[in-house]
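Because the structure is a prediction, the values reported are computed rather than measured.
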Amino acid sequence: MPTPVISPREADVLALLGEHLSNAEIAARLFISVRTVESHTSSLLRKLALPDRRALSRRAVEIARAERPRPAPALPAPLTAFVGRERERTALAVLLADHRQVTAVGPGGVGKTRLALAVAVGAAGGFSDEVWFVDLAPVTGPDRVAAAVAAVLGVGEQPGQGLDEAVCAALAERRALLVLDNCEQVREGVAPFLERLLAACPQVRVLATSRARLLVPFERVFPVPPLSRDGGGMSEAVALFVERATAAAGAAPDPALRDGIAAVCERLDGMALAIELAAARWPTLGLDGLRAGLSDQLRILAGGPRADERHRSVRAVLDWSHELLEPADRALLRRVSAFVLPFTAGAAVAVAGFAPLDAGAVADGLGRLAEQSLLTAVPSAHGTRYRAQETIRQYGAERLDGAGESARARGRHLDWCLSGADGLARAADEDRQAREGGWRAGFDALAEELRTALAWAAERPERRPDARRLALGLAGLAFDRHLLGEAQQRLEQVSALADGSRADAAAALREAARVAGCRRLGDDMYRLHRAAAAAALDAGDRAGAARDLAAAATVAHRFSSTFARLPAAAEVTALLARARELSDGSPAASAALALAEAAVLADAYGSVQGSPDNAARETVGYAERAVDLARRTGDPVAESAALDALSGAHSWAGEPFAAAGAARRRVELLALAPRIPATAHEQVDALAMAAATAIGIGELDRARQWGRQLAEHPLTAEVGHHATSWLLVADAFAGQEEDVLAGGARFLEAWEQGGRPCSFSLGPAAAAVAMVHGLRGDDTARAAWLAVVGRAGTEEEHRHGYGAVFDATVLLHRGEAGAALERLSPAPEEVWKWVSWVWLHWYAAVRVEASVLSGHPEARERLAEARATVAGNPVAVAQLDRAQALLDGDPARVRATATAFAAAGCRYQSARSLRLADAAGSGSGDGGGSGGEGGDGRAAPRVNGW
C-alpha cells in the first residue's frame with residue numbers, strides 16, 4: 001500500500017492532535033478556523049485509515065517518538081545544574097515505577113523539588129501521554145487544588161461537573177505522570193483530590209513533594225535525606241557548594257579548601273538550600289568569613305530532634321544571610337514576600353516602595369538579592385521577573401509580620417491587585433469587542449495574586465469593601481476566562497461581603513444563579529435564587545423576593561434535567577404561592593410569576609417531573625401570557641425565557657412551525673446582547689433550541705447556521721459535545737458526510753473528557769454519527785457509535801424517537817424496507833411523547849417511505865395522513881412526493897424530487913432520489929433495494945460518497 005501524502009498543514013494539525021489539543025486550541029495555535037481544523041482532521045482520518053480522533057492522536061504520538069526518541073516533558077527547566085543524588089534518584093525512580101503515588105517527604109530546603117524534577121525527567125519516556133508539573137505553592141486554599149491541576153493540563157470546566165471531575169475525565173485513559181510540588185500547605189485539599197484521581201485514572205501516577213505525608217490510601221513515602229557528606233571534600237554536599245560558588249565567583253574555589261568547605265557543609269547538615277545560600281556568599285566572605293558567620297548563628301541553636309535541627313539549619317542560614325544584608329535590602333526581602341508568583345520590578349515598587357525604599361532602591365535591591373540567591377531572576381517575554389523559593393518567601397513573610405509592616409505591605413499589594421484587576425477588565429472588554437483573547441495571558445499571570453489579596457482582605461473588617469470590589473472584579477474576569485465555577489464562587493463571596501447591604505447581596509446571588517445556569521447546575525440555580533429571595537426580603541424588597549422565588553420555581557421545571565435531586569412538587573408549588581403573596585404587581589414581578597405558572601402549572605417546558613398528558617392548548621395560553629408580560633418589561637432575558645416556554649408549549653400542541661418561530665425570535669432578540677452570565681446562558685440555550693426546531697421543520701440550512709454559531713460560542717469552547725450536538729444532526733440529515741465525521745471526532749473527545757454525560761441532545765448527536773457510518777457501510781464504526789448512544793441518551797427516546805428515524809434511514813439505504821417499517825411500526829400518535837418535538841415530521845415521512853417500499857397495504861392511506869402532518873416542511877414534503885411517485889410507478893417524478901431535496905439542502909436524499917429513479921426505471925424489484933442493495937442482494941454502488 002502506498003504511503004499516504006500528508007500536506008505540511010495536515011502534519012501541523014497531526015502534531016497538535018498528539019498533544020491532545022482541542023480543535024479550538026489547534027485553530028488558535030495555527031491561526032486557522034475551527035472548521036479548517038475539522039476538515040484537516042477528517043482528511044487525516046481518511047488518509048491514515050483510522051477510526052477516530054483518539055487513534056489519530058495515538059498515531060501522532062508514535063510519529064513523534066519515531067522522529068524524537070524521547071518526548072520533551074512538560075517540566076520547568078531549572079537555571080542551575082542538578083548535582084549528585086544518584087542513589088536517591090535511582091531509589092525514587094524504582095519506587096515510582098512500582099507504586100502509583102509516591103510522596104517525597106522532607107523539611108523545607110532539603111532539595112525535594114529538584115530531586116522530583118530530576119526523577120520526572122528520567123521517567124518521562126515511559127509516559128506516552130506526557131508529564132505535568134504543578135506548583136501548589138501559590139494556591140490560596142485547599143479547594144483550588146483541582147483548579148491548579150486543570151490549568152496546567154489545559155482542562156476546562158464541563159457542565160454539571162466540578163474541576164476535579166473534569167481532570168479525572170481528561171486523564172481517565174491516559175498513561176501520564178503528574179508531579180505535584182509543595183503539597184504541605186494545601187494537604188487537606190490534595191488528599192481527597194488524589195483519592196478521586198487515582199481511583200478514576202488507572203494509568204496515572206503521581207509524584208508529590210511535601211513536608212509531611214499526604215495520608216492517602218495509595219501513598220508510598222520516600223524520605224528525602226540531606227545531601228551526603230560522605231567522602232569529605234569529595235562529597236555530594238561539597239560538589240554542590242563548589243558548583244554554586246564557581247557560578248557566583250566566576251572561578252572555582254582552590255581544591256585545597258575542599259576539606260574546609262566540607263566542614264561548612266557539615267555544619268549546614270547537608271541541606272541543599274542552606275548550602276546554596278552559603279555558596280552565594282563565597283565571593284565576598286571566603287571560607288573564613290563563612291566559618292565565622294555560621295559559627296555565630298549555629299551557636300544559638302541547641303536541643304531538639306535531628307529533623308528539627310535540619311529545619312533550624314536552613315533558618316540559621318536564612319537568619320545569617322538576612323543579617324548580612326543592608327537594612328534597605330532586608331526591608332525589600334520581607335516586603336516582596338507578599339507576592340506568590342514571579343513579579344516585575346514595577347510591581348515590587350508598587351508594593352514595597354515605601355520608606356525607607358524609593359523606586360531606585362527597590363530596583364537596585366532586587367539585583368542584590370538575586371546575587372545572594374535570595375531571589376531568582378527569570379527572563380520572560382515581558383521583561384525580567386523575580387521569584388523567591390517558597391521557603392525563602394515564607395521566611396520573608398515571618399520577617400514582615402515581625403517588623404510590623406504586614407498590614408501596610410499587604411494593603412499595598414491589595415491596591416496593586418485592584419488596579420491590575422481593573423486593567424484586565426478593560427483589556428477583556430476591548431478584546432471582546434475585537435474578538436480577540438490576548439488579555440487571558442495577563443489574567444493567568446495575575447490570578448493567584450488576586451486570590452491571595454482577596455483572601456487577606458476578606459479577613460479584615462477595614463478592608464472588606466475592597467475585598468468585595470476585588471471579588472466582584474475577579475468574578476467577571478473568571479467568567480470571561482471560562483472559569484465558571486470560580487465566577488459563581490466569587491459572586492457568592494461578594495454576597496457574603498456585602499455588609500449591611502442585603503440588596504447588594506441579593507443582586508450578587510442572582511448573578512451567581514445565572515452562572516450556575518451556564519454550568520448546567522440546576523440544584524445550585526434553585527438554591528441561589530431562593531437565597532437571593534431571602535436577602536431581598538431582608539432588604540425590604542418584597543417585589544424582588546417575589547421575582548426570585550418565581551425564578552426558583554421556574555428553574556425547577558425549565559432546567560429539570562440538570563438537577564441531581566429535584567425538589568418536591570409541593571415545595572415548588574409553595575414557592576409559587578409565596579411569590580404571589582409578595583408580588584407588588586409590577587411588570588417585572590408579574591412577568592416572573594406568569595413564567596413560573598407556565599412552567600409549574602402547565603409544564604410548558606416538558607420537564608422531567610411533568611406529565612405528557614397536559615392540556616396542550618391551555619399550555620400555549622399560559623406561555624403566550626408570559627411572553628406578553630415579559631415583553632412589557634423590556635428585558636430581553638425575561639422575554640427569551642418566556643419565548644422558550646412558548647416554543648415548548650407549541651411542541652406539545654403539535655405545532656412545530658410555531659415552536660421554531662418562537663425559538664428563532666429568541667436568537668434575534670439576544671443577538672446584540674452583551675455577554676454576561678444571564679444573556680450568555682440564554683444565548684446558548686436559544687441557539688440550541690433554534691437549531692433543533694429548525695431541524696424539526698426541515699430548515700436544514702438555518703439549522704446548520706445556528707448549529708455553527710452554537711459550536712463557536714465562547715461559553716461552549718470547552719464543551720464540544722454540547723456545542724456540536726445539533727450541528728451534527730443537521731449535517732447528518734443534510735448529507736454532509738465529511739463534516740459529520742470531523743465533527744463526530746470533536747464530539748467524542750469532548751464527551752469522554754466531560755465524563756460521558758447523558759442529555760436530550762447528546763443521544764441524537766451520537767445516533768446521527770452512527771447513521772452516517774451506517775450509510776457508508778461501516779458497521780464497525782456504527783456499532784461503536786451506537787454504544788455511545790446508549791450512554792449519551794435515554795433508551796426510550798432512542799427506541800421510539802430519533803433512534804427509530806436514524807435506524808430506519810440506514811435500513812432503507814440498505815434495501816431492507818420491511819425492517820425499516822418494523823422499526824417505525826407505531827403510528828406517530830402512539831409515540832407522541834418521543835416525536836412531538838424535533839422528530840415528528842422525520843418519523844412520519846420515513847415511515848411512509850418504508851410503507852411504500854415494503855408494499856404495505858395501507859401505504860396510500862398513511863401517505864395521505866402524513867401530508868397534513870408535514871405540510872410546509874420542504875424535506876418531508878419532498879420525501880412524501882417521492883413516495884407518491886414510487887407508489888404510482890412514475891420514475892420521472894421520482895427523479896424530479898432530487899431538485900426539491902437539493903433546494904432544501906438535503907444532499908443525501910437528492911442523490912437517493914436519482915438512485916431510486918434509476919432503479920424504478922429499470923424495474924429492479926420493488927425498489928426496496930435501490931438505496932443500498934439491489935433486489936438480488938448485491939451491494940449497490942455508493943451515491944455521491946455514500
*asked:* Parallel, tilted or perpendicular: which one describes the rings of Trp839 and Phe733, with boundaries at 30° and 60°?
replied: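 Ring orientation of Trp839 relative to Phe733: tilted.
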
*So Phe806 and Tyr802, would you call those rings parallel, tilted or perpendicular, with 30° and 60° as cut-offs?*
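Ring orientation of Phe806 relative to Tyr802: tilted.
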
Test: salt bridge (charged side-chain N to carboxylate O under 4.0 Å, His left out). Region: [range]. Which pairs qualify, not counting sequence neighbours?
| range | answer |
| --- | --- |
| residues 524-537 | Glu492-Arg527, Asp524-Arg527, Arg530-Glu571 |
| residues 538-547 | Arg502-Asp538 |
| residues 654-665 | Arg617-Glu655 |

*asked:* Check this for me: does any side-chain nitrogen of one of Arg580 and Glu597 sit under 4.0 Å from a carboxylate oxygen of the other?
replied: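 Yes, this pair counts.
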
*Salt bridge Arg708-Glu712, side-chain N to carboxylate O under 4.0 Å*: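 Salt bridge: no.
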
*Will you find, in the side chains of Arg666 and Ser640, an N or O donor that is under 3.5 Å from an N or O acceptor?*
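Ser640 and Arg666 do have a side-chain donor-acceptor pair below 3.5 Å.
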
_Do Gln493 and Arg490 pair up side chain to side chain, a donor and an acceptor below 3.5 Å, judged on atom types alone?_
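There is such a pair between these side chains.
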
*asked:* Going by salt bridge (Lys or Arg N to Asp or Glu O under 4.0 Å), name the residues that satisfy it together with Arg558, two or more places apart in sequence or in a different chain.
replied: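 Only Asp644, Glu682, Asp685 meet the salt bridge (Lys or Arg N to Asp or Glu O under 4.0 Å) criterion with Arg558.
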
*asked:* The criterion is salt bridge (Lys or Arg N to Asp or Glu O under 4.0 Å); which residues satisfy it with Asp635, sequence neighbours excluded?
replied: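 Here no residue qualifies.
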
*Results of side-chain hydrogen bond (donor to acceptor under 3.5 Å, both in side chains) for His529 - residues two or more places apart only*: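 None.
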
